[in-house]
Each structure stands twice: as structure tokens, then as C-alpha cells.
Amino acid sequence: MQAWERLLTEWPESFPPACPPEDAVAAKGEFFRLVDDVPPVSDDFKSNLELRRLGVRFKGQRWSDDCIAAGLSVTQEFEDLKRLRESVGPMRKKKIAVGRVDGSGVMKATPSLSQASHYTWWRRVGDESWKTFRIVA
Amino acid sequence: MNWIPVGSILGDLAMGETLVFYDGPRVFTCTSLTDQLYLSAWAEESESGDTWLYAPISRARYAMVRSGGLALRAAFVRPEGLVYSVSIQRDDDGAAEVVVAPISATSIPDDWLPGEDFTLDIPTSTLPAATSLEDVERRARQESRAHLRLEVELPAYTRSEAPTRKIGELLVSTQVIFDNIGLAILEEEPAQRGRIPNRVAAETASDLVGLSAASFVIEVASNKLDDLLGDSVFADVTKQLFKLLQIGPEREQLLDELSTLRPRGAKSFRSFVTSLSSTNGDITIAAAGANLPLLSEKLPADRLDAMVIVLNNIVLDEASEIRGRMRLYAADLTRKNFGLLDEGDDVSYEGKISDRALAQVNHVPLNDRYDIVISEFPMFDEAVGERKPRYVLEQLVAIEEGVDEPIQTRRTIAELDD
């Protein structure tokens, strides 16, 4: 298999066509994510689409944009995420973890109304960068 | 999308704004067919599904919650109507079971709710949206009167609201600068203190014609319609004001232009810029009239601050007018320089000849005595750390034959009548 062929197949099969989007860039840098487990485990880094595929959650659920559901929310600013964690009950129970994601898939800045530093992160098959994450708050 | 319940007692809901997104919408609005707005927040998660809180909310309250004036939690614990818990659970086949039940605000578990102090802080327009700048020009033509718009980006305000005191000061200083530039334009010998003459005030008076959103927008219009040719003093004043604002913090250029306004007009300009600067925000000023094409100038907060520093260095608090009978010992019409000697006090004055005095100085003999009016702008020279006055010759009148007694030189410090 050629290198480029391998690249094409590195995304999970569950990803919809043209996902990740073309304007996503190589993941690089330190990012923060809300997790349930201390220390973080691989389940904390499964996208909604992946959880549905595994039958863990969202059985039968449909989304308006499957590609967004295939990505994970991460943020660049700790304070942004700390503040946002307080916005709803279930998120208040989660922990904030930080990790380096250099070369682990691609990302796209997807700022939202209440979070300017929000990114969507699409992980490749077999990505283990979650292991670099540690709890900070 | 099925973050929202389908076929429940809440009716057919259409998704509105997503206010918090994290691995999906977490706080959002939706609207029923009867136009009822609901605010929805994620309340509980489990492997089989999620529970949400739905609170009916009025548009006015939503604007408060969205902008951070009211904590998000308050929308659920102090609701305007019945709050519903909406549970969407899925069985192994993926079929959704939706249970919608009213829940009293006091029985919502704390861990279902947003944090006590969490606010959304999303910039929110609570006034009608400001029309485009082109619309200012169109309205000025339609109404046959000049319009002036000030758009203020107030830091720390997420709603279209502004502190009454600051906006009041801004409105007053806007009227004062129009009165005083108008005074300098209309009067041959503008009084440097006291009330603005009615004749001038009638030409420069403005009316507040609108407050709107896009940060915070104030729009005033001339109280008086344009003349038959589409001109007005208000428009002339506006042009002069823009000329000054476009100079920015360039001390020499600013002083040259300010000297045309006489000390009182210059002082009112400083007061106006100080008032703009005290909002701590970026400002866009725009104006148009029937014969005044649209003018627009962006004034970032740092530029306004720099202008205030320059204007304060010109020490305009002590800007004054000097009247007396003096001997003209030098006049260079090309360079617009003059030299006058007050023989009574043995003081000489050297400086620039204003445009309006050039014609008077032209062809008059040197070393004769004249009745003169000079503006004095005491400036702080940072290089040497000293005050150095700058003089502008405003008026020079030949003395009638046989009337040549010395007269006491008078100095009047300019005062704004605001």
C-alpha cells in the first residue's frame, strides 16, 4: 500500500464523506478537554459518532452534521473551558485535562458564541495522543 | 437533528441559537409553532440518553440572559413560566422514548443546573439595529438637514446599553463643540466667554433623533433645515470638526487648525475629544448632509487618548484672547509671521497671522500702531519642560487719525458656557 493510500484510510470508516473538512489543519499544540475519568482514559476521547458506532450511546441518533459529530471539542484556553464548564450541570461534574496533540489528526477552529477558542479535533485510527493528557482542574 | 423532543406536549419545536456548544449543543433556544421561545440546557446524562431542562422565556428576558445581565441559572430557578424536564432515552434498537414533565423550579436538582454565577456574556442588541452609514446620507437628504452619528464600542457592555452619565456628557459636548465652532465661523469677533448668542445657537442646535444598536449608536440631526441651496452652518461645522479629527495627535497641525477656532472653539474641541476618550471605547463618527457627502472617521481608543494628551499639552485651560493697541514691527505675508510690540507693557508678541487677518495686514505700513486681537495658546514644550505661548494674530485694525492714545491691553481667558 502506498503512503498516500494509507493516509486515505487512516480516518475511521464511520466518518462521512469529505470528513474531516479540507480546511482542517494538522493538529499541533497543547489543548484542553473535559473528561470523566481520572486519569483520562480512551473513552474520554471518543466522538459522538464513535460512541454511536460502538453502541455505547446515541443509539439511533441522527445529527444535522455527521462530520461535527465525528470530531471532539477541545479548547486552546484553559480559562475559557473552566468558565464554560459551569454552563450546565453535567459539565460541572467533569474534569479538565490538558495534553499535546502534535501530529494526531487534524483540527479546525470552530469558535462558538460563548467560546472563542473552541476547536474541533478529528482523530486518526489508532491515535493514542490521549495518553499525554493529564488532569489540571 | 434530534437534540430536541419530537411529538411531545411542547409541540413542534424548531432549533434556534446554540449558545453553548461542547461535543454538541449544550445550551440552546428553540421556538414552538405558537412562537413560544424556550431556553434549553443539558441537565443529566446517562448511557441510555439525556435529560434537558426547557424554560419558557420572553424575548426581553432572553436578551438579559444572553448578554449576561442575568445568570443562566436564573432562567430555570426563577422562570417566567412552567419549566419542563425533557428526557430522551433510547432503547437497544435506537427507538427514542421522550418523556416531558413539568418540574417546579424548587425541585430541580442542583447538579442539573448551571453554576450559580455562570453568565453567557454574548454581545446582544437590545435596541433596533443601526442602519448603514449610507442610510445616514439618504436620510439627511430626505430630511434636508445634516445628520451626525457617533458609534461607541463600549468595553464591558454586552447589551446595547451605555452609562447615562457618559452618554449625557457626550451629547452635551457634541452640542458645545457645534456651538463654539459655529461661533468662530459666524461671528467676526466671537466672545470668548458667556452665552452663545441666539443667532449662532439657532444655526447649530441639534436634536437627538435616534439611539440604536451596533455597540451603541447616537444620532443627532440639525435642528434647522438646510437652506434652499442645501447648505447649513451645521454642515459647515461638521466639516470643520472632521478636519480636526482627521489630523489626530499631530501637535503642530492640530494647533494650526485649532487656531482658526479661536481659544474658545479650541477649548470646546478639547472638551469634545476628552468626552469621546472617556468612554474608553473605539468610536466611529459619521455625518452627511444634502450637500455634504458622507464623511466617516474611525477613532480607536488609543488614538483618542493620544489626542487628549496633545490637547492637554497645549494647555488650553489658559488659552486666552489679548486685545490692545500695539506697534507692528514685522509682517511677512508669505510665511504668515508677525511681530507686535505692546509699548505700554514693553512686551512683544511674535507668531502666525490667521487667514482671516491676512487681508488686514496686507499693505499696512510697518511701525504704525494698530488695534489688535491676538489669540494666545500656552503650550507645554516637552523638549525643554517649559510652557511657551503660541500667538495667532486674529485681527488688525488701523487707528482713526488723531486717536492714538495708548489703551490698556486686556487678556480674556476663554470659557465654555456649558
Side-chain angles (χ1 to χ4, degrees), chain A residues 31-36 43-75 79-94 96 109-122, chain B residues 1-4 6 15 17-29 39-53 66-68 71-73 76 85 88-97 108-124 158:
Chain A
F31 286 86
F32 298 88
R33 174 158 172 84
L34 293 178
V35 296
D36 289 313
D43 281 356
D44 289 314
F45 296 85
K46 287 194 165 61
S47 69
N48 290 345
L49 203 70
E50 181 73 350
L51 290 171
R52 185 182 71 182
R53 187 185 71 80
L54 296 171
V56 179
R57 288 200 67 197
F58 306 116
K59 288 168 199 152
Q61 176 108 11
R62 287 177 293 108
W63 293 283
S64 59
D65 187 338
D66 274 355
C67 191
I68 291 291
L72 292 174
S73 284
V74 289
T75 60
E79 288 299 332
D80 251 18
L81 188 54
K82 192 175 164 200
R83 203 184 87 78
L84 201 76
R85 183 170 62 171
E86 292 300 303
S87 62
V88 285
M91 273 161 55
R92 288 166 61 202
K93 296 169 198 157
K94 295 183 188 288
I96 298 176
T110 44
S112 63
L113 278 175
S114 48
Q115 202 186 15
S117 69
H118 181 272
Y119 280 75
T120 303
W121 177 25
W122 290 273
Chain B
M1 165 66 78
N2 48 4
W3 299 101
I4 53 179
V6 177
M15 186 92 171
E17 265 194 315
T18 297
L19 302 163
V20 174
F21 183 96
Y22 201 88
D23 288 343
R26 300 303 171 200
V27 180
F28 58 84
T29 62
L39 184 63
S40 175
W42 190 32
E44 197 184 33
E45 67 176 331
S46 69
E47 286 193 357
S48 56
D50 297 288
T51 303
W52 301 78
L53 291 172
R66 189 182 189 279
S67 62
L72 180 60
R73 187 184 179 104
F76 300 99
S85 75
I88 306 174
Q89 305 295 323
R90 292 179 181 280
D91 62 22
D92 285 343
D93 299 327
E97 186 195 3
I108 301 173
D110 180 76
D111 61 3
W112 281 22
L113 288 164
E116 283 190 17
D117 299 325
F118 178 80
T119 52
L120 286 166
D121 300 339
I122 299 168
T124 302
T158 50

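FYI, side chains are in, hydrogens and waters are out, and symmetry mates aren't considered; it's all heavy atoms of this structure. By convention in this document, chain letters (A, B, ...) are assigned in the order of the sequence lines, proteins followed by strands, and residues within each chain are numbered from 1.
Residues V88(A) and V20(B) are not in side-chain contact: their nearest non-hydrogen atoms beyond the backbone lie 4.5 Å or more apart. L113(A) is listed as a side-chain neighbour of R66(B), based on a closest heavy-atom distance under 4.5 Å.
More than 12 heavy atoms of other residues, nucleotides or ligands shown are found within 6.0 angstrom of NZ on K93(A). Heavy-atom contacts from other residues, nucleotides or ligands closer than 6.0 Å to CD of E17(B) number more than 12.
Separating the OG atom in S87(A) from the CG atom in L72(B) is a distance of 7.5 Å, to the nearest 0.5 Å. Distance check, rounded to the nearest 0.5 Å: OH of Y22(B) to OG of S73(A) gives 5.5 Å. Here the CD1-CD distance, from I122(B) to Q115(A), works out to 11.5 Å after rounding to the nearest 0.5 Å.
In this structure D91(B) satisfies the side chain to side chain donor-acceptor pair (under 3.5 Å) test with no other residue, sequence neighbours excluded.
Neither the backbone nor the side chain of L51(A) comes within contact range of chain B, judged by heavy atoms closer than 4.5 Å. If you measure heavy-atom distances from S112(A) to chain B, the contacts under 4.5 Å come from the side chain alone.
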(request) List the steps and the verdict of side chain to side chain contact (heavy atoms under 4.5 Å, CB included) for I68(A) and F21(B). (result) CA-CA 11 Å; I68(A) 291 291; F21(B) 183 96; 3.6 Å; yes

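Here the closest non-hydrogen pair linking E86(A) and F118(B) is O-CB, 3.6 Å.
Residues R92(A) and E116(B) are not paired through a salt bridge, judged by the lack of any N-O separation under 4.0 Å between the basic side chain and the carboxylate. For D23(B) and K46(A), the salt-bridge test fails: no basic side-chain N is under 4.0 Å from an acidic carboxylate O.
When atom types are taken as modelled, the side chain of R57(A) and the backbone of S46(B) share a donor-acceptor pair closer than 3.5 angstrom.
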